[in-house]
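Here is the structure we will look at, set down as structure tokens.
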Amino acid sequence: MPSLDSLDSFLFSLSSDIYSPFGIFIQIQGCVICLLLAFGWAAAAYVRKREIRRIRRSMQNGNSFAFICQDINELEHSNQVNLPRVTVIMPLKGFGEHNLHNWKTQLTSLYGGPLEFILVVESTEDHAYNAVSRLLSEFEVQGSVEARVLVAGLSTTCSQKIHNQLVGVESMNKDSKYVLFLDDDVRLHPGSIGALTHEMEKNPEIFIQTGYPLDLPSGSLGSYCIYEYHMPCSMGFATGGKTFFLWGGCMMMHAEDFRKDNCGVVSELRNGGYSDDMTLAAIAGAHKKLITSPPVAVFPHPLASDLNFGRYWNYLRKQTFVLESYTTKVNRVMNRALFAIHCYLSWGFVSPYIMALVHVAAALQFWYKDYSVEQMDYTSGGLSLVYFLGICTFLELLSMWNLTRIEVQLCNMLSPEAPPLSIANYNWCLVFIAMMVDNFLYPISAIRSHFSQSINWSGIRYHLKNGKICKIDRTQPNKDMAPVFTDLGGKLLHGRIGFPTKGSLLNSLSKSFKQSREPKRTE
């Protein structure tokens, strides 16, 4: 019979200790969290699947344009001429591998009403300026897009993104009824603007309409961490209607709210605003305003192929930092509660897996070295919890896979002209590892954000005081600086970059969209 060494003794003792009532509670709590996530993703998948079935029924009934509108009669000229004017404002920063394609999907919308695009950059030195100017010149030759580039200058009282948005609002057409804010990493569907506008027209009580991205990981652990971070949040946007959440990458609002500063929209954003979506969500909550997210508002979001772990960490820091900004005392309390709940659930999710490793390691040592029960104080009861945790984890990953599969299917239906998306390349082992990494690091990032009260966002450092931006520091780029990239899209902020040559993809897309528009114009 082998003797019990000190390491094995410690391992068996630890396994027995975490099989205490408190340890059992922690492990069962982790299983409950897994099951709640699985249920939430299943409910979100139901909403998205219901929309897929609606589109299919509409197509079977003769509506070949069901991906654009629910009723084909809406494409009649008499209906198209009465559509309201929409202004799309796109704050740009840097230029990366996916920007060109994203911009094209936004500019080639099949919305039949008056539509203008205002693309706002910080300065002409921004790499986005030359890139988008060249793209617009190609569309200008075709005469199919009303778009212009604005130079906003540097922000002094709010984040640069909010400053760019407000400059765009000030220059929008006076006849615009709605304004749509889009991030430049949003890959829009041809009928997205029409779908958002249709909902606004149907329900005038809507304050903001929003959507959410479907992350397309590039293969690195950092990209899977981003995907895993966004997936739990996607439940709040897959309601098919009312929601309390808001994503700054896609927000449609009444233009009049900005012209008249209704509910203090402009003043709250301009005077110390850091996060556009968190600020507007707080305003909506304070004034009991309605936020909705239509089921078709899910947008492919390709992540940079070179998204490393460091850039993921920077992104996580920015996401946790937004909880330090607030507009009212009530908003501050809600952010603190969200801070505490998220941190507790994150480590509550990770802890059972650490305990499970201890139980498995102890069991393997017990069987491998052929110890006897009389020789030590060890019980294998913890393995039953490990089995249960494994089942819950499998159900959670299965539900996540199913929601991703359905959202990919929906995106393919909403963009039939685009190359089809697929989840065949998703690495689900990396997804699981990303779940552990992301939930372990979130509380660390949140605590650091709380005590630092400053963040570097795209080369600009913002300092907060009482929930508002109080100081902005900028580092002047020079030729000797190493290239600086954004976190998710890998957009170059400083350094040299060459603009790609004209490709056939742009021409073919433009021609296909132009041909799609022609029948509608002649009706």
Side-chain angles (χ1 to χ4, degrees), residues 93-94 96-98 159-161 183-185 212-213 215-234 247-249 274-275 277-278 301-325 335 338-351 353-354 426-427 429-464 469 473-475 477 481-495:
K93 183 73 173 179
E97 60 181 306
H98 299 299
S159 69
Q160 188 64 45
K161 178 184 177 182
D183 280 356
D184 60 357
D185 55 1
Y212 206 63
D215 290 328
L216 306 175
S218 58
S220 65
L221 177 60
S223 66
Y224 278 104
C225 287
I226 298 295
Y227 164 76
E228 190 282 327
Y229 176 83
H230 282 157
M231 283 303 290
C233 303
S234 65
W247 178 53
Y274 168 74
S275 170
D277 48 13
M278 291 292 284
H301 180 214
L303 300 174
S305 58
D306 58 347
L307 200 161
N308 56 35
F309 195 80
R311 279 166 36 191
Y312 153 70
W313 171 251
N314 290 337
Y315 176 77
L316 185 62
R317 285 273 289 113
K318 290 189 294 185
Q319 295 303 300
T320 55
F321 188 75
V322 298
L323 295 179
E324 300 302 314
S325 64
N335 284 0
L338 185 60
F339 171 95
I341 292 172
H342 201 158
C343 288
Y344 177 82
L345 292 178
S346 291
W347 275 356
F349 177 84
V350 174
S351 298
Y353 292 96
I354 298 176
Y426 278 57
N427 187 326
C429 291
L430 275 181
V431 170
F432 175 75
I433 296 173
M435 291 167 60
M436 298 297 104
V437 172
D438 185 64
N439 283 284
F440 178 77
L441 291 179
Y442 183 91
I444 299 174
S445 175
I447 293 171
R448 181 177 177 184
S449 296
H450 176 70
F451 287 103
S452 68
Q453 291 295 298
S454 69
I455 192 70
N456 187 306
W457 184 5
S458 298
I460 305 173
R461 180 161 291 277
Y462 299 100
H463 302 264
L464 294 185
I469 290 179
D473 294 329
R474 287 182 170 85
T475 302
M481 287 181 62
V484 179
F485 298 90
T486 58
D487 298 328
L488 302 191
K491 296 179 290 184
L492 184 67
L493 299 177
H494 308 308

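Looking only at distances, no side-chain donor or acceptor of S223 sits under 3.5 Å from a matching main-chain atom of L307. Between the side chain of S346 and the backbone N or O of C343, no donor-acceptor pair lies under 3.5 Å. Using modelled atom types, one side-chain atom of N308 and one backbone atom of G310 make a donor-acceptor pair closer than 3.5 Å. Judged purely by atom type and a 3.5 angstrom limit, D215 has no side-chain atom pairing as donor or acceptor with the backbone of P217.
Between H230 and H301, the ring-plane angle classifies as tilted under the 30° and 60° cut-offs.
Aromatic pair Y227/Y426: centroids less than 6.0 angstrom apart. Checked against a 6.0 Å centroid threshold, the rings of F349 and Y442 do not count as neighbours. Between Y312 and F309, the ring center distance clears the sub-6.0 Å criterion.
R448 pairs by the side-chain contact (heavy atoms from CB on, under 4.5 Å) definition with W313, R317, not counting sequence neighbours. Residues meeting the salt bridge (Lys or Arg N to Asp or Glu O under 4.0 Å) test with D438, sequence neighbours left out: none.
Atom SG of C225 sits about 7.5 Å away from atom CG of L441, to the nearest 0.5 Å. With rounding to the nearest 0.5 angstrom, the CD1 atom of I455 is 6.5 Å from the OG1 atom of T320. Separating the CD atom in E324 from the OG atom in S454 is a distance of 11.0 Å, to the nearest 0.5 Å. Q319 CD to S445 OG: the interatomic distance, rounded to the nearest 0.5 Å, is 9.0 Å. Atoms CG and OH, from L303 and Y315 in turn, are 9.0 Å apart once rounded to the nearest 0.5 Å. Atom-to-atom distance recorded for S275:OG and W457:CH2 is 6.5 Å, nearest 0.5 angstrom.
Between R311 and D306, the closest side-chain pair of non-hydrogen atoms falls below 4.5 Å. When side chains are defined from C-beta on, Y353 counts as touching F432, because their heavy atoms get closer than 4.5 Å. Counting heavy atoms from C-beta outward, M278 and N335 have side chains that approach closer than 4.5 Å. S159 has its side chain within reach of I469: a pair of non-hydrogen atoms, C-beta onward, lies under 4.5 Å apart.
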S325/L464 under side chain to side chain contact (heavy atoms under 4.5 Å, CB included): CA gap, chis, key distance, verdict: CA-CA 7 Å; S325 64; L464 294 185; 4.2 Å; yes
Stepwise side chain to side chain contact (heavy atoms under 4.5 Å, CB included) check, E228 with N439: CA-CA 9 Å; E228 190 282 327; N439 283 284; 3.6 Å; yes
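The minimum heavy-atom distance between K318 and Y274, with the atom names listed, is O-OH, 4.1 Å. Closest of all the heavy-atom pairs between Q160 and Y462 is N-OH, 2.9 Å.
Defined by atom type and a distance below 3.5 Å, a donor-acceptor pair is missing between the side-chain atoms of Q453 and H463.
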